[in-house]
Every structure is written in C-alpha cells, then in structure tokens.
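Data block below; observations after.
For the numbers below, each heavy atom of this structure counts, side chains included, while hydrogens, waters and symmetry mates do not. Lettering follows sequence order; numbering is per chain, from 1.
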Amino acid sequence: MSSFDDFDDTEAFEQASLSARAMAARPMPYLDGLNPAQREAVETLNGPVLMLAGAGTGKTKALTARIVHLLTTGSARPNEILAVTFTNKAAREMKNRVGGMLGQAIEGVPWLGTFHSICVKLLRRHAELAGLKSNFTILDTDDQLRLLKQLVSAAGIDDKRWPARQLANIIDGWKNRALTPGKVPAADAGAYNHKGVGLYAQYQERLRELNAVDFGDLLLHMVTIFQDHPDVLQQYQRWFRYILVDEYQDTNVAQYLWLRLLASGHRNICCVGDDDQSIYGWRGAEVGNILRFEKDFPGAHVVRLEQNYRSTPHILAAASGVIDANEGRLGKTLWTEAQEGEKVRLIGHWDGEEEARWIGEEVESMQRGTRGMRPFGLDEMAILVRASHQMRAFEDRFLTIGLPYRVIGGPRFYERMEIRDAMAYFRLVVSPDDDLAFERIVNTPKRGLGDKAQQTIQMTARSNGVSLVEGAAIAVESGLIKGKGGNQLRHLVESLGRWHEMMRGPIRAAGDDEDAVIDDGAEVPRGGPRVSHIELAEMILDESGYTEMWQNDKTPEAPGRLENLKELVKALESFENLQGFLEHVALIMDNESDDAEQKISIMTLHAAKGLEFPAVFLPGWEDGLFPSQRSMDESGLKGLEEERRLAYVGITRAEEVCTISFAANRRVFGQWQSALPSRFVDELPASHVDVLTPPGLYGGGFGAASGAAPGPSEGLEAKAAGANVYNSPGWKRLQARAGQRGMSQPKETRNTVIDLDAVSSFTMGERVFHQKFGYGAIVGIEGDKLEIDFEKAGVKKVVARFVSASDDIPF
DNA sequence: GGCTCGCACGAGGAA
DNA sequence: CGTGCGAGCC
C-alpha cells in the first residue's frame, strides 16, 4: 500500500480512472498553445533543464504542460513526479491547471506542493531519524521566539543588548544554509556575543524534548537524513523520477542541497526561474543557485522564455531599462506583440499624504475612464509598496473617501492574536503535552495565574518529569497553588481533560474501523450526543471564557476579533477533525478573502510577485525608502541590486498602465523628513516615460486648501529641501521633456455624490463606532462625510457609510 | 497579581 | 507616531 496516494486531497485528481499507460497514445492538445521556446521546455523531458522565464512569459503554463506531457507520454506515473513551489498559492494554481489541461482523471497524485509541505510529509515518515516522533508539532515564528527568549534569559544574557529576535535570525540563517550546530563554521563563532552556537545547540535540544520543529528544521532535518542515511535517499531517488522546481532563483542552500541530493541519480530535474526576480536574498535565497545551474548539472539544456504576454512595450522597456543596471545577469530580452499603449507615468508629490490623495483621486478617475484610457475596475488596479508601513497612508485616505480596498498579505489570519490563542487551546486539547500552547493560554483569559503561579507549575512539572498540564494538576492537588487562581487552574485542567475525552469520543463516519480505545475513557458517555469537532471547538472557546473575554473587551478591535473567531470555526468545516485542521494551518498561512465586492488591492512588492494587474501604482520611489537604506547598508551593492530587481518585479506586474510616484517629504517616526527621488527613477528610459506634473507642486497653489499638509514653517523648510529634490539629472531631464510637451492637463473637478440616507441617519454629538478608529462622537456633518472625534484616534473625517451608530452607552 | 502610565526604541520582506 | 516593556501603584 502506497501512502503516496493520500498525499493530497485535490479534487482534480480525485476520481481515479485511466492509467497513465492507457493515455500514452492520446493526442496532445496542450502543446498547441505553446510558442517554440515553451514547447522546447515542455518536450525536453530527460536530463537537467533550466527554464529561464522572464516575467509574464507563460512559465506556469509551460511548467504545467510539462507535467501533463510526462503523464500523457507515459514517461512517468503521477506519483513519480515531484513538483515544488514556494507558495501554497502557486501549488494550488498548478494543481488546478494540470487538472484542467489533462481533461481526464488519472490514477494517483503527483507530489505537488511547497518545499515545506513536502518536507513535512517526508519528515513524518522518518521522524525517528531526527529524534522526533511522527506527530511532531510545527512551531511558527512566534513560538520560536518565545522559546528562544526563555533560553536567552536562562543563560543570563541581557536581552536588551542581545535581543532574542537577533538570535532567531542568526539561527534561521544557519538553518537556511543547512548548518546543524556542529557544522557552524568557526567564522560564525562570534555570533550573538559568542554564545550563538551554544544557544543554537540548546534550542535544537529543547525542540527535540518538545517534539517540535520550526520552519527551518523541516528542510534541515530532511537534508541531514538524506546525507546520513543513503538508503533512505536512494529510496526517494527511485521514487521521484522527475523533479520540477518553480522559482528556482529563490532557493536557499538547504533547498538546493535537498534538490541536488534527490536529483543526483537520474538528473531529471527541471528548474524554472528568473534571476532578475530574485528578491528573497534576505531570507537566505541564493541567486547563485540559478546562475550556477549549468555547472551543477553539466550538459543542462537551457531554454529562454522571452516572449511576454502580459505588458505593453513601454512597460517592458521601462522595466528592462531599470534592470539593465544590474551586473552578472544571465540576460534575457523580453519582447511582445502587444500594442504600444500608455507610457509609464511618473509623478512627484509634495508629501506622502498628497501622494495618497492623488492616487485616490486618480483611481476614481480611472474607474470612469480618464486621460484617454479605458475605464478600469477596482479589481484591475493595485498599489504596490516597498514596506508595509507605507500602506497606512493609503488606508487612511481610502477610508476617508470611501474607496473600497483590500490589503493582501497583511497580518495573516492565522497570525492574529485571537486566532493563535484559539489554536493554542485546540492544540492543547489534541495534545495535552504541548507545553508551549499551555504557556500561551494558562492565563488567557485572566485566571489570576501570574509569574509566580506559572513558575510553580514549571517547577512541579519539571521535578515530576511531566507535561505542564499534568504539573498544573499536581500543583493544585498538592496545594502549591491555592485560592482563586488555584480554583481556576483546577477548572482549566479539568476542562482540558474533558474536551480531550470528547475529542476522542465516538465520532464515527460510515464504515470506519474502530480500533480506538473506548475502554480507557471510562466516563465518555457511549451513545450520548455526538459532538462534532466544530461543536467541540465552539465549546472550548465558550467554556474557557475566551469568547467572553473579547465580548467584554471594549477596544475597537474586539468586534473584529470575535468575527475572526467565528471564521476560524467556520474554517473547521472543511476538515474531518481538529488534528487535520491543525496540521493544515501550521503550513498554510494565506489569507484569501473571496468577497465579491470590487476593491483595489494594496500589497508589498514582495507579495505581488507572480501577480499581474491592468493598472499598477508604485508609490514611494525615494532613495532610502526604495531602494531601502537598510538593504544597502547591510548588503551593499548586492542589496542595491536586489532592490533593483524588486523595482523590476514591480513594473512588470503592470499590463497596461504603470504609475510611479515619489514624494519630497514624508513622515517617518512622526517627524517630517525630505527625500530625493529614487535612483531607479533616473534609470527609467526617458522615451518610455510620461511625466505628469501636478500643478500644485511647482508654484501653483493647488492642494494648499485641503487637508493636513505640513504646517507653514515645516512647509517652508521642506520646500527649501525640496528645491534639491528636483535637481537630480534624471528628474531635470524628465521635466524638460514635460515642458516641451506642455504641462499636463489640469485636474478635473468633481462633485461629491451625496448619500442622502447616510446624511439623515446621524446627528451631531451622536456616539458612533468605526471599524478602524473605534468609538467617537460626531462633531461635524458635511455631505456624506462625518467629522468625528474618536476616543483613540482623534478627530477624523470619515465617510458616513463606514460608521455605525453605537449602542454602547458611555458610562 | 493586574493595571496603567511613561519611556525608549523602532519601520523590510515571509513559509 | 506606534508599540512593548518595566516600574510602580491599586
């Protein structure tokens, strides 16, 4: 019996039918839509292949066609194919497309998933070789950090001078390079005040005790196992006869070694990537891996995909112009048959707030069709920023004008406090010896169990050699923890036990094999009301007092958190039990909201990789912000080149319209600071750029009347600085061009549409609630805009439809 | 033990 | 300007 068959639950492969062999003689319609280069990449099945795929050149299409081709020609059975991606989204898309292209069901499932998800599967099969049990837990960054903090303080290190966060980064770095504590090179011995390596060893030991791994371990353990157990490696070399890797330029050393070990026998490995889109150096990715491919795999077949199906010639030319400044590229020349279209648009602003205001207005204009362009829907537009803190300006502005937006990849759903708390409860119910989960929730909600009580629990558990839950039980029984806290702790321990029993209780599906141990759960009521895992989850959240805690919380976030908890419970529906859910969540961290309303997307450039939009805004192109000063300080030219690739990624996300902007002044840490336009602005080829000169910036009074520009004195100061801003050669050049063509068209004036319902439903002084700003009182009404004095956020103007009457009576 | 206040420090990106 | 943490008070 092969356990490969249960590897994935994708619907596309669910109905088993024809064998691969039976399809061998079938037609291959999927080849018809391919251009010659793609076709070459698809049909070269044996030996190493490097597919250099520029942005928008149809690499996913080629990759999926290759999988289909392997199956159709009978070269491989599904489970002999290993296809690795970086994100779950990419994996999902590939699965769907393979399913669609195949047009018929196949027997078995390819190993298609992220590095991490595949490694989890492998590691669970061989856990004992890493000193683990196969039901190990996967810690996320938060757990990891808490564990490290404990070790750091136990070692008597001043975590002010040596933050645990820093140690976490160092350890991650070692793991990315596939270095176990014993293999850390002497050159790194000084790391973290000469204690880094020792703490790393302790950390690994502690993880083993907890039967846990962190993200880095998933690969590190597998590489170590492959290296130390040739028999295991050979087994997988035989199984995975064809290997495909997406985004190869993003692989780190550990991933590279893992792939090379697996491929070293048959060498049937096809790596797809684009050195120009390598933007993850900071988390250990080595561009060198892709640059070195032909050396690593002599005789490799290199295919370049250069025909772009996404962007207009102007956009491609602008992107090429920027990326040309990088050294040591493999080199590709993108071309397209698309129509000329708009030039890349460039605009400077006085400050960051004006930039947000302009983009807001431009988005609204573009919805209606402006400057001779077709109308764009909100779903067709995106704002891509360098750093997530840039998002706030847009969120604030869009909330004010009532422009619907969605933030992609913000704080992820499963990283939110309330979700992590709830998950900790679930984890504890599933595995009562999950000490980290226990620590997280012993005193959440407040149970009067502070440091002292928690220390007592730790001591008791340690001296009895048991888990924290059991330690807590002993501590209560032996009277070490008394009073209110003691009672509450007893109640918690009892509840955990009760939930645990309910979970193991009879949840039977039709025809399941019942070798479960009913007998040792004596008080489980047989034949009593059956409790589904969903009901159980609700029960846990209710009886623990966790839901109540947020119901009593009056902060503006509380309602949202309760919403999230509801969503969490809803998410359980697609799983059979809590265990399955927890396993899934540890690795799937994406936050897809599938609401139907049209919204403009806001995300970081990193999050935008692999996506495309008809219209893209790229704000904040200022030296220091983009390219990021920190990146340049830390990694010098290498860092700058990575930033430049990021710029390239940004521009190439655009299909039809790309708008780049920068601001002369920006608030940073609450202080106004002036900045020069990004050097990347100078690198944009002038003939493909259209400079939109805002009338307000150079002598006009536009915009002076509105909103919160810097005060007069700050303004003057900034203006003086601003004079330099436009002295850079590139800017002068661009401005001269703008002059020749005449100033751009004056901004159109618009009347705000007044929503009568909204106007009538609020009165002065009324207490209201706003999703983002919380509670406040109305101090002004103006059309559909309300001026509200928020308790936490101060006075803001907000669109009425984002405000609801508060039923909460103050005092 | 919990809460509030004030201070110091900090914003790069993520499975 | 925001958060996170420690001190000091209830």
For nucleotides 2-10 of chain C, give me every protein contact, N/O to N/O, under 3.5 Å, one pair per line with atom names.
none

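- Considering only residues two or more places apart in sequence or on other chains, E439(A) meets the side chain to side chain donor-acceptor pair (under 3.5 Å) condition with Q150(A), Q458(A).
- Counting only heavy atoms from C-beta on, R667(A) has its side chain closest to dC1(C) among dC1(C), dA11(B), dA14(B).
- For the pair Q144(A) CD and dA15(B) P, the interatomic distance rounds to 15 Å; values are reported in whole Å.
- Counting only heavy atoms from C-beta on, T604(A) has its side chain closest to dA14(B) among dC1(C), dG1(B), dA14(B).
- With sequence neighbours left out, R397(A) forms a salt bridge (charged side-chain N to carboxylate O under 4.0 Å, His left out) with no residue at all.
- Listed by chain and number, the residues in a side chain to side chain donor-acceptor pair (under 3.5 Å) with D172(A) are Q144(A) (sequence neighbours excluded).
- Rounded to an integer number of Å, the gap from Q629(A) CD to dG10(B) C1' is 16 Å.
- Comparing G450(A) and S631(A) against DNA chain B, the residue whose closest nucleotide sits nearer the 5' end is G450(A).
- Here dA15(B) is the nucleotide among dA15(B), dC1(C), dA11(B) with the atom lying nearest to any side-chain atom of T141(A).
- Between the side chain of R653(A) and the backbone N or O of V649(A), at least one donor-acceptor pair lies under 3.5 Å.
- Among residues at least two apart or in separate chains, salt bridge (Lys or Arg N to Asp or Glu O under 4.0 Å) pairs with a member in residues 631-642 of chain A are R630(A)-E634(A), E642(A)-R645(A).
- Pairs engaging residues 216-225 of chain A under the salt bridge (Lys or Arg N to Asp or Glu O under 4.0 Å) rule: K175(A)-D217(A) [sequence neighbours left out].
- One interatomic measurement links the two molecules: CG of L449(A) to P of dC3(B), which rounds to 13 Å at whole-angstrom precision.
- When distances are taken from the side chain of N88(A) to each of dA14(B), dA15(B), dA11(B), the shortest belongs to dA15(B).
- Each of dG10(B), dC3(B), dA14(B) was ranked by its minimum atom distance to the side chain of K446(A); first place goes to dC3(B).
- Look at R283(A) and you won't find any side-chain N or O under 4.0 angstrom from OP1 or OP2 of dA15(B).
- Between the side chains of N211(A) and N135(A), a donor-acceptor pair is found at a separation under 3.5 Å.
- For residues 247-257 of chain A, every residue pair satisfying the side-chain hydrogen bond (donor to acceptor under 3.5 Å, both in side chains) rule, not counting sequence neighbours, is listed here: K59(A)-E247(A), N176(A)-N252(A), E247(A)-Q249(A), E247(A)-K609(A), D250(A)-K609(A), T251(A)-N289(A), Y256(A)-R260(A), Y256(A)-R292(A), Y256(A)-D296(A).
- Within 4.0 Å (heavy atoms only), F115(A) reaches no atom of the nucleic acid at all.
- Following rounding to the nearest Å, L611(A) (CG) and dA14(B) (P) show an atom-to-atom distance of 12 Å.
- By the salt bridge (charged side-chain N to carboxylate O under 4.0 Å, His left out) test, E548(A) pairs with no residue at all, sequence neighbours left out.
- Residue E643(A) is classed as a base contact, given a heavy-atom separation below 4.0 Å to a base.
- Residue D553(A) contributes atom CG, which lies 11 Å from atom P of dC3(B) at whole-angstrom precision.
- Per the geometry, CG belonging to D633(A) stands 15 Å off P belonging to dA11(B), to the nearest Å.
- Atom pair L605(A):CG and dA14(B):P shows a separation of 10 Å (rounding to whole Å applied).
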Exercise for the section: Determine, step by step, whether M222(A) and W258(A) satisfy the side-chain contact (heavy atoms from CB on, under 4.5 Å) criterion, reporting the C-alpha distance in whole Å, the side-chain angles of both residues, the deciding distance to 0.1 Å, and the verdict. Expected result: CA-CA 7 Å; M222(A) 280 322 298; W258(A) 187 81; 3.8 Å; yes
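- Counting only Watson-Crick or G-U wobble pairs whose defining distances are both under 3.5 Å, the stems of 3 or more consecutive pairs in DNA chain B are B:1-10 with C:1-10.
- Among the atoms of the strands shown, base atoms are found under 4.0 Å from some heavy atom of E634(A).
- Comparing N443(A) and A607(A) by the nucleotide of DNA chain B whose heavy atom lies nearest to each, the residue mapping closer to the 5' end is N443(A).
- Side-chain atoms of S117(A) come within 3.5 Å of backbone N or O of T114(A) as a donor-acceptor pair.
- For the pair D396(A) CG and dC1(C) C1', the computed distance is 12 Å after rounding to whole Å.
- When heavy atoms are screened at a 4.0 angstrom cut-off, I279(A) is found touching no nucleic acid atom at all.
- Taking every side-chain heavy atom of F215(A) into account, dA15(B) is the closest of dA11(B), dA14(B), dA15(B).
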